[in-house]
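Numbers restart at 1 for each chain; the letters A, B, ... are given by sequence-line order, proteins then strands. The figures that follow rest on heavy atoms only: side chains count, while hydrogens, waters and symmetry mates do not. Just so it is clear, the model here is predicted, and its values are computed rather than measured.
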Protein chains: 4
Amino acid sequence: MVETTIPKRKISARKAPNQERSKARVDQILEVTCELMATNGLEKLTTNHIAKASGMAVGSLYRYFPNKQAIIYEIYLRWLGQVRERMERFLEEITGAQPIIEVMQALAERIYGESLMPGDDKQLEMELRKAMSLYPELREEDRKHGEQIATLLSRILERAGLNASDKERMEIGAYLYGLDSVRQDLMEQGMDQQTIRVWQWRATFGILQPFLPEGSRF
Amino acid sequence: MVETTIPKRKISARKAPNQERSKARVDQILEVTCELMATNGLEKLTTNHIAKASGMAVGSLYRYFPNKQAIIYEIYLRWLGQVRERMERFLEEITGAQPIIEVMQALAERIYGESLMPGDDKQLEMELRKAMSLYPELREEDRKHGEQIATLLSRILERAGLNASDKERMEIGAYLYGLDSVRQDLMEQGMDQQTIRVWQWRATFGILQPFLPEGSRF
Amino acid sequence: MVETTIPKRKISARKAPNQERSKARVDQILEVTCELMATNGLEKLTTNHIAKASGMAVGSLYRYFPNKQAIIYEIYLRWLGQVRERMERFLEEITGAQPIIEVMQALAERIYGESLMPGDDKQLEMELRKAMSLYPELREEDRKHGEQIATLLSRILERAGLNASDKERMEIGAYLYGLDSVRQDLMEQGMDQQTIRVWQWRATFGILQPFLPEGSRF
Amino acid sequence: MVETTIPKRKISARKAPNQERSKARVDQILEVTCELMATNGLEKLTTNHIAKASGMAVGSLYRYFPNKQAIIYEIYLRWLGQVRERMERFLEEITGAQPIIEVMQALAERIYGESLMPGDDKQLEMELRKAMSLYPELREEDRKHGEQIATLLSRILERAGLNASDKERMEIGAYLYGLDSVRQDLMEQGMDQQTIRVWQWRATFGILQPFLPEGSRF
DNA sequence: TATGAATGAGGCTTCATTCAT
DNA sequence: AATGAATGAAGCCTCATTCAT
């Protein structure tokens, strides 16, 4: 059990969900919690609500998770995991035959365009961001995730044939990851998704342009 | 007293802080609240904490503000006011002689980069944004503010020679603001300042490029 | 859940007390609250007091009642119900053979004289009346109750042979009820019980005289 | 300064208002408090409201009264005093020449019919009754007052030629005083004033009838 | 294992009273 | 004497967490 910062709180799931039934229950809790967060917001998310909506008793929640925070933490981890997974799959698909610009376009679509989770996704993402600022553990997790993503991005860019040094590729990766939080901010501010994508693309292009093969234009 | 939506709540300061001492106390409350918000987050902001940190009794808070929300509301108003003020000052300084891209970078730094209040500013802003999603009154205020800013931005970009529509100018402003937080993230992650500046520059250029007059150099 | 006036408050019990234990707790809360109201008055009735006196935590109150008002509301409903019940039983017992004045005195004793709940009943009633003037919901309930009582009284007096209109019958009932509190006051002041009975009798007679059949003896 | 029950509270005015200005201020406080009680009810009566409505600072209130309770106490005393005063004046006016029944009728008019204080009187009386059940001191005062009134009534009845023993007259006095609280209850319950008077009269008549000279009829 | 009743610390707010000016 | 800012105990209510069954 992971022990964390002031007030020492356990944040990982209480036990590895080996048994099938256990796993199903954990999944249900997480799923229901996602829905409630997306629907009512983090502020109105109570353990009692989660239990009732999951069709189980509050006590059962605490068999699978040591506390409320741990539930959100797990959701956050899975969410980050999905993002990483996509990037990894994307990395494997890259052949090197496509023009970089197309690769980047495809990446943007994959990373920003797809729905990461079933249902009211944008809202959930916003609430997770709130949670991140509420629980220090999430922030730490986010930082580690950032490094991994930067590395992945670096490798993607490498395989796509980006004409940059290792150091530069890592920087580009970090920066592109940062751009994703810009996207999220703008979403929270209510900017239209399609519009966001356009600006996002322009910024990305600005970053990559110096490393694109001569003559590559929009 | 501003009367607001469904759960009738008073959200403006209880009285115009005419007297000197009064004003000092109001300012102290606001300042302390800013710090607490930035440090611990909106969720952990309690009236009792504010009172204790301000070195006064809870009851005293309620002499100056009708409720907790009103304190946040006031902070929000002042923050918006400062942003507007800066943009206005900036607008007056624009000569039209500088390259657009420099003007834009200067703008981003001036508007959002400077510390608006003592202490951890970026964090405060995030918390204010959370508050905005929590209190309908803030959203309304933000909407009005947004219109004013749009106008100002539009005029700044116009004067700087940017060939974009009103809507686009607003979007550019928002995006450039977002880029600034990327810069801060990277700094926290330990990236070299000079390096950050380069990438920042590239991203900014990517954003502005479509609107720059043909052949404009860096 | 009964939805009520302006500050939307739930005033019925949170759940029908099906389970045995549940019902016991609800009853305990109500009983304790009655005692506290009678002893210390409505003004000093606090949720914390109720909880402590009931030997349970505050939170438990709120499992069974949505708020303080709802507790008082339930007490009030039960009290009104008991009064009605008594009148109905009394109505069935009337034969018409007794002299009216005796029937009336018996009525006063039966309806208001008996202890409706364990303990200091008269006081409780006073407090309930205070509560009624404090909570709009109670007033509405009281109004409905009043109509039902009016009908019952009307039928009782009618069956007892009283020659009065419906309106007058209701008024007589209310007045006789009032006389009973005089009796209690005098008892508290130390007047001899037998003596009180005599005066009580005379006042009752004064009230009924105009409606008694010509020549009716005491 | 009168020291009273648990929690020891001072309830008489802080000083005999000798100085003219002092007296004026005390009177103003009392008057304003009466209005506020009648208008908003005892529950919403706060010292701050009283002060503001009196056009003075809260602190000044506490120069003339040791606490809030004392203000209400004083109002109550004055109110009781006015009732007594009327009865005394009435006593002096009795000549013995009038038929008893007329005297009693006149008394009823004087005691129950007149307005005891200027303004929203009925409401104030109701609030004072609430206060009585809130503050033990008021109840004690009410009891003493009751005795005095009973004595006065007894003397009135004597002078009016009521054919009763001293003991009986005292009892009658006590009972008639009790009847007045019936009147108040009925008022609180919203019964029409004129109607109340009629029943009140009938009960009074019932009480007195045995002692009226033979042949006195309505 | 599962349950859900029970807990109680802690959040927001009010207001009688005090005290420095 | 007068002022009114300041105080803080106390009121109502919520909800994460525990524990007996």
Original post:
Which whole-number value in Å describes the distance from B:M56 CE to E:dC19 P?
Top reply: 20 Å
**OP:** Would you indicate, yes or no, if F:dA6 has its OP1 or OP2 atom less than 4.0 angstrom from a side-chain nitrogen or oxygen of B:R25?
**Re:** yes
**OP:** Look up atom CD in D:E74 and atom CD1 in D:I72, then write down how far apart they are to the nearest 0.5 Å.
**Re:** 12.0 Å
Original post:
Separation of D:K68 atom NZ from E:dA16 atom P, in whole Å?
Top reply: 4 Å
**OP:** Return the value, rounded to whole Å, for the distance between atom CD1 of C:I50 and atom P of F:dC12.
**Re:** 8 Å
Original post:
So do A:R63 and A:R25 actually touch side chain to side chain, heavy atoms under 4.5 Å?
Top reply: no
Original post:
Closer than 4.0 Å, any side-chain N/O of C:S60 to the OP1 or OP2 of E:dA5?
Top reply: no
Subject >> Below 4.0 Å: OP1/OP2 of F:dA2 and any side-chain N or O of D:R21 >> reply: yes
Original post:
Of D:R78, D:E141, D:E137, which is the lone residue that meets side-chain hydrogen bond (donor to acceptor under 3.5 Å, both in side chains) with D:Y73?
Top reply: D:E141
**OP:** Look at all strands and tell whether D:T46 reaches a base, only sugar-phosphate, or nothing, counting heavy atoms closer than 4.0 Å.
**Re:** sugar-phosphate
Original post:
How long is the gap from CG on B:N40 to OG1 on B:T46, to the nearest 0.5 Å?
Top reply: 9.5 Å
**OP:** Quickly work out the C:Y62 OH to F:dC12 P distance and round it to whole Å.
**Re:** 7 Å
Original post:
Whole Å only: how far is the CG atom of C:L36 from the P atom of F:dG11?
Top reply: 12 Å
**OP:** For B:L45, answer base if it contacts any base atom (sugar-phosphate contacts may also be present), sugar-phosphate if it contacts only those atoms, and nothing otherwise; contact means non-hydrogen atoms under 4.0 Å.
**Re:** sugar-phosphate
Original post:
So, is C:T47 close to the F:dC12 phosphate, meaning a side-chain N or O under 4.0 Å from OP1 or OP2?
Top reply: yes
**OP:** With DNA chain E as reference, determine whether A:N48 or B:N48 sits nearer its 5' end, using the nearest nucleotide of each.
**Re:** A:N48
Subject >> Nucleotide E:dC15, atom C1' - distance to CG of D:L61 in whole Å >> reply: 13 Å
Subject >> Any-strand Watson-Crick or G-U partner of F:dA20, both distances under 3.5 Å >> reply: E:dT3
Subject >> Between C1' of E:dA9 and NE2 of B:H49, the distance in whole Å >> reply: 12 Å
Original post:
Could you give the distance from CG (C:L45) to CD (C:E35), rounded to the nearest 0.5 Å?
Top reply: 12.0 Å
Original post:
With nearest nucleotides of DNA chain F determined for B:V58 and C:G59 from heavy-atom distances, which residue corresponds to the more 5′ nucleotide?
Top reply: B:V58
Original post:
Nearest-Å distance, CZ (B:R63) to C1' (E:dC19)?
Top reply: 14 Å
